[in-house]
Undergrad: 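Got a structure for you, questions after.
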There are 2 protein chains.
Amino acid sequence: MPNAPIPAKTALKSHRSTGRITLSDVARAAGVSPSTVSRALRGERAVDPALIERVQAVSDKLGYVPDPAARALASQRSNHVAILIPLLSNALFVDLLDSAQKTLRAGGYQTLMGVTHYDSSEEEQLLREQLLHRPAGLLVTGLDHNPATRKLMHSSQVPCVHLMDLPAAQREDAPYCVGFRQTDAGAAMTRHLLAQGRKRIAFAAAQLDPRVMQRLFGWRSALQEAGVYEPTLEFLNPAPSSLALGGILFEQIMQQRPAVDAVFFCNDDLAQGALMAALRLGVSVPAQVAIAGFNDLTGSDQMLPPLTTVRTPRARIGEAAAQMLLSLMRGETPPVPQLDLGFEIVQRQSS
Amino acid sequence: MPNAPIPAKTALKSHRSTGRITLSDVARAAGVSPSTVSRALRGERAVDPALIERVQAVSDKLGYVPDPAARALASQRSNHVAILIPLLSNALFVDLLDSAQKTLRAGGYQTLMGVTHYDSSEEEQLLREQLLHRPAGLLVTGLDHNPATRKLMHSSQVPCVHLMDLPAAQREDAPYCVGFRQTDAGAAMTRHLLAQGRKRIAFAAAQLDPRVMQRLFGWRSALQEAGVYEPTLEFLNPAPSSLALGGILFEQIMQQRPAVDAVFFCNDDLAQGALMAALRLGVSVPAQVAIAGFNDLTGSDQMLPPLTTVRTPRARIGEAAAQMLLSLMRGETPPVPQLDLGFEIVQRQSS
DNA sequence: CTGAAAGCGCTTACAG
DNA sequence: CTGAAAGCGCTTACAG
């Protein structure tokens with residue numbers, strides 16, 4: 001039956017029932033096998049250059065786009081990158097997310113974000129959910145995680161880069177990370193204030209996450225070094241950081257310790273609130289008391305007086321960490337596994 | 001050969017090569033077919049209640065978790081929800097993202113975010129990428145999209161809810177949306193300022209996205225209504241909104257139009273910057289000039305003087321939109337397809 | 001209400 | 001360097 005109609009099944013094969021253009025469509029049009037198309041398109045070596053070109057052309061002509069779900073199922077690896085950050089209400093982490101996400105997208109990856117609320121068991125739970133998607137990579141804030149989380153990160157074998165923090169010492173088994181030395185930054189700002197002749201420098205902090213505590217340690221060591229450390233000048237509040245809390249802390253400090261001549265806040269939002277409170281209370285800054293912040297958040301340069309602070313390279317951290325992850329996902333070994341991006345003291349008029 | 005060793009193939013079958021616990025494992029352990037497990041676990045009707053319970057118990061015991069990629073491939077629908085927002089540098093959208101994401105996660109969905117930078121072709125490109133993941137739902141900011149984007153949203157058949165805006169009139173074909181009437185809010189604040197005796201009220205804006213323009217229209221109509229509209233009192237700058245720009249705009253207005261007795265800024269960051277500039281310039285607020293903002297962003301209540309503004313329910317918008325989407329994804333029809341969450345004038349000391 | 005079978009669209013040993 | 005075949009782990013008509 002040479003003239004029999006083409007069976008429906010064969011006719012349908014040119015497009016699947018979903019109407020989507022598939023690998024097989026490209027293979028048929030290019031006259032090669034699906035396996036070859038798969039290899040050619042992913043730039044796998046061991047494919048004839050001429051074939052690669054032909055397949056590429058056909059693929060472009062048909063407008064073929066690989067199906068991420070099929071790819072993930074077959075390869076056991078998706079094109080998702082999971083990112084874990086503490087909060088979305090702190091501009092610091094939003095900047096981190098923004099820059100990392102931009103870099104990852106340029107590399108062909110989708111970002112899956114998880115907000116931990118500084119809760120280690122929520123972090124663990126989020127990681128579990130994200131690992132179900134078989135992410136190709138992981139970006140996590142900080143180096144402190146509970147044992148279960150660490151185990152998950154390790155046993156999943158997913159490449160992982162830590163953000164913001166660096167391990168205390170250069171160890172053999174140190175994880176990949178991009179950040180700066182929080183302790184050094186805390187000490188540097190404290191020394192800066194000392195160098196300006198301040199003698200009674202208070203440290204005021206909220207949230208009290210690990211990085212804040214490191215800044216506190218930096219402040220302590222700089223004061224001890226100068227021989228003027230006084231434990232009662234620590235004002236620590238575990239509540240979330242905010243302008244309002246900064247104002248409250250400042251008022252409290254002025255009331256309890258009127259002789260204080262500088263306050264170093266662990267984050268700019270607190271310091272901005274303190275600056276507003278000083279205006280309200282008629283406390284003159286920096287004549288009576290200097291005020292310093294941390295992170296150089298948006299608005300700090302617009303305060304009255306403009307805020308002295310530590311500028312932290314969060315956008316560059318997000319980008320560099322994403323780049324490092326990208327190279328890890330390519331199977332490469334980053335030349336600098338612990339990348340220190342430093343910080344900068346920005347002196348403005350509040351000190 | 002009754003005592004022959006169990007063939008390797010059968011022995012292996014209890015776990016796949018990946019080591020993952022699969023649907024088939026649960027089926028075997030529960031003594032039913034994979035199809036039944038699939039139906040029982042997804043709560044599909046037409047399964048014996050007793051079986052559901054048994055399957056559920058076995059599944060829990062084995063710690064089975066469905067594979068999202070396999071599920072997406074087979075059903076042509078993932079558990080992703082894509083969200084499109086203009087910027088991450090505006091706290092407004094971060095709040096929206098945060099609340100939507102929280103609600104969606106509680107409903108079992110992963111959020112895929114896309115940042116459009118107020119660029120309609122970038123929005124289109126992002127949507128294309130996201131649609132590849134076959135999202136179960138879509139959350140998009142605003143009602144204005146280019147024709148290609150609208151076509152994609154429509155032809156993809158993916159349930160979609162729009163954020164922040166409401167259509168001008170109640171039409172039959174109106175899209176699902178959750179927001180408030182930007183024009184009304186702009187008019188309400190203007191009337192509020194008029195009611196306080198202000199006569200020459202300027203409108204200062206940045207970014208100039210559609211919602212800002214609606215606020216401008218509201219300001220215009222309220223002034224026209226009062227017979228005091230003057231076109232030269234519009235100060236529009238397409239640059240991104242920021243504290244610094246607010247200061248610049250304010251200074252410019254004071255210089256060019258010293259008789260102005262109130263400035264209504266389209267966003268709180270501009271207004272905050274203006275407040276700081278007023279302090280710097282020695283312009284007394286509200287005695288000489290009233291200042292009003294929009295959105296009641298963080299810090300506005302800490303300014304000197306505290307900022308009069310329009311409080312917008314962005315967290316509730318994100319949550320309600322996610323809820324509406326959740327019900328659409330369940331195949332339900334939302335009782336209120338266009339949900340108006342309103343706004344509130346917050347009078348503080350700057351007016 | 002339940003099951004066998006096909007299929008979703010890829011990747012990847014395994015041969016050649 | 002290339003291809004045929006199996007398999008990733010589910011869902012869903014189709015029968016019964």
Side-chain angles (χ1 to χ4, degrees), chain A residues 8-9 12-55 59 62-79 131-134 136, chain B residues 8-9 12-55 59 62-79 131-134 136:
Chain A
K9 227 176 173 178
L12 273 173
K13 262 197 157 178
S14 70
H15 291 307
R16 302 292 176 97
S17 55
T18 55
R20 188 168 191 140
I21 293 173
T22 70
L23 236 204
S24 315
D25 296 331
V26 178
R28 206 170 315 106
V32 295
S33 76
S35 348
T36 300
V37 175
S38 173
R39 293 187 190 107
L41 258 27
R42 275 174 305 125
E44 221 177 57
R45 72 205 161 297
V47 176
D48 182 356
L51 261 194
I52 295 189
E53 210 159 320
R54 176 144 56 100
V55 168
S59 164
L62 296 185
Y64 167 68
V65 256
D67 183 318
R71 190 167 256 189
L73 182 58
S75 70
Q76 306 285 359
R77 193 103 303 173
S78 74
N79 73 142
L131 287 178
L132 290 182
H133 289 274
R134 297 200 188 83
Chain B
K9 228 179 174 176
L12 273 173
K13 262 199 159 178
S14 68
H15 291 307
R16 303 293 177 97
S17 55
T18 55
R20 188 168 192 139
I21 294 175
T22 69
L23 235 204
S24 315
D25 296 331
V26 178
R28 206 172 313 106
V32 295
S33 76
S35 348
T36 300
V37 175
S38 172
R39 293 186 190 108
L41 256 29
R42 276 174 305 127
E44 220 176 60
R45 72 201 162 300
V47 177
D48 183 355
L51 261 193
I52 295 187
E53 209 159 320
R54 176 143 56 100
V55 169
S59 163
L62 296 185
Y64 168 68
V65 257
D67 183 319
R71 190 168 256 189
L73 182 57
S75 69
Q76 306 284 0
R77 194 103 302 172
S78 73
N79 72 141
L131 286 177
L132 290 182
H133 288 274
R134 295 200 189 83

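Values below: every heavy atom of this structure, side chains too, minus hydrogens, waters and symmetry copies. First the proteins, then the strands, lettered A, B, ... as listed; each starts at 1.
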Undergrad: Measure the distance from CD on A:Gln76 to P on C:dG9 and round it to the nearest whole Å.
TA: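 My rounded result for the distance is 19 Å.
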Undergrad: Not counting sequence neighbours, which residues clear side chain to side chain donor-acceptor pair (under 3.5 Å) with B:Ser78? List them please.
TA: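 Testing B:Ser78 for side chain to side chain donor-acceptor pair (under 3.5 Å), a comparison that skips the adjacent residues, returns none.
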Undergrad: Would a distance-only check, ignoring hydrogens and angles, find a side-chain to backbone donor-acceptor pair under 3.5 Å from B:Ser59 to B:Val55?
TA: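 Looks like no, no N/O pair under 3.5 Å.
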Undergrad: More than 12 non-hydrogen atoms from neighbouring residues, nucleotides or ligands closer than 6.0 Å to CD on B:Glu44, yes or no?
TA: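 More than 12 heavy atoms, drawn from other residues, nucleotides or ligands, come within 6.0 Å of this atom.
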Undergrad: So, OP1 or OP2 of D:dG9: does either fall under 4.0 Å of a side-chain N or O from B:Thr22?
TA: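 False: B:Thr22 side-chain N/O out of range (4.0 Å or more) of D:dG9 OP1/OP2.
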Undergrad: What is the distance from NE2 of B:His133 to P of C:dC10, rounded to the nearest Å?
TA: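 Those two atoms, NE2 and P, are 13 Å apart.
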Undergrad: Which one, D:dT2, D:dC10, C:dG3, comes nearest to the side chain of A:Thr36?
TA: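 Among D:dT2, D:dC10, C:dG3, the one nearest the side chain of A:Thr36 is D:dT2.
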Undergrad: I need the CG-P distance between B:Asn79 and D:dG9, as an integer number of Å.
TA: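 In whole Å, D:dG9 P lies 17 Å from B:Asn79 CG.
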Undergrad: Given atom CZ of B:Arg20 and atom P of D:dG9, what is their separation to the nearest angstrom?
TA: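 Whole-Å distance recorded here is 7 Å.
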Undergrad: Just the dot-bracket of DNA chain D, please: which string comes out with Watson-Crick or G-U pairs under 3.5 Å, [ ] for crossing, | for another strand?
TA: |||.||||||||.|||
Undergrad: Would you mind classifying the nucleic acid contact of A:Val65 as base, sugar-phosphate or nothing, using non-hydrogen atoms under 4.0 angstrom?
TA: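 The residue A:Val65 makes sugar-phosphate contact but no base contact.
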Undergrad: Of all the heavy-atom pairs spanning A:Arg134 and A:Ala72, show the shortest one and how long it is.
TA: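 Closest approach of A:Arg134 to A:Ala72, heavy atoms only: NH1-O, 4.1 Å.
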Undergrad: Say you draw a straight line from OG1 of B:Thr36 to CG of B:Leu41; how long is it, rounded to the nearest 0.5 Å?
TA: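 Separation between the atoms: 11.0 Å.
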Undergrad: In whole Å, I'd like the distance from the CZ atom of B:Arg134 to the P atom of C:dG9.
TA: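 Result: 6 Å.
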Undergrad: Could you list the residues that satisfy side chain to side chain donor-acceptor pair (under 3.5 Å) with B:Ser38, not counting sequence neighbours?
TA: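 In terms of side chain to side chain donor-acceptor pair (under 3.5 Å), with neighbours along the sequence ignored, B:Ser38 is linked to B:Arg42.
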Undergrad: Using the test side-chain contact (heavy atoms from CB on, under 4.5 Å), find all partners of B:Ala70 that sit at least two apart in sequence or belong to another chain.
TA: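 Only A:Leu73, B:Asp67 meet the side-chain contact (heavy atoms from CB on, under 4.5 Å) criterion with B:Ala70.
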Undergrad: Return the value, rounded to whole Å, for the distance between atom CD1 of B:Ile21 and atom P of D:dC8.
TA: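 Spelled out: CD1 on B:Ile21 to P on D:dC8 is 15 Å.
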Undergrad: I need the CG-C1' distance between A:Leu73 and C:dG9, as an integer number of Å.
TA: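 It is 9 Å, rounded to the nearest whole Å.
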Undergrad: Rounding to an integer number of Å, can you tell me how far B:Leu51 CG sits from C:dC1 P?
TA: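 Roughly 11 Å, once rounded to whole Å.
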Undergrad: With A:Val37 as reference, evaluate A:Val32, A:Thr22, A:Asp25 under the side-chain contact (heavy atoms from CB on, under 4.5 Å) test and give the passing residue.
TA: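 The option that passes is A:Val32.
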Undergrad: Would you mind building the protein contact string for nucleotides 11-16 of chain D? One character per nucleotide, 5' to 3', B for base within reach (heavy atoms under 4.0 Å), S for sugar-phosphate only, - for untouched.
TA: BBB---
Undergrad: Taking side-chain contact (heavy atoms from CB on, under 4.5 Å) as the test, write out the residues that go with A:Leu132, two or more places apart.
TA: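 B:Arg20, B:Val65, B:Pro68.
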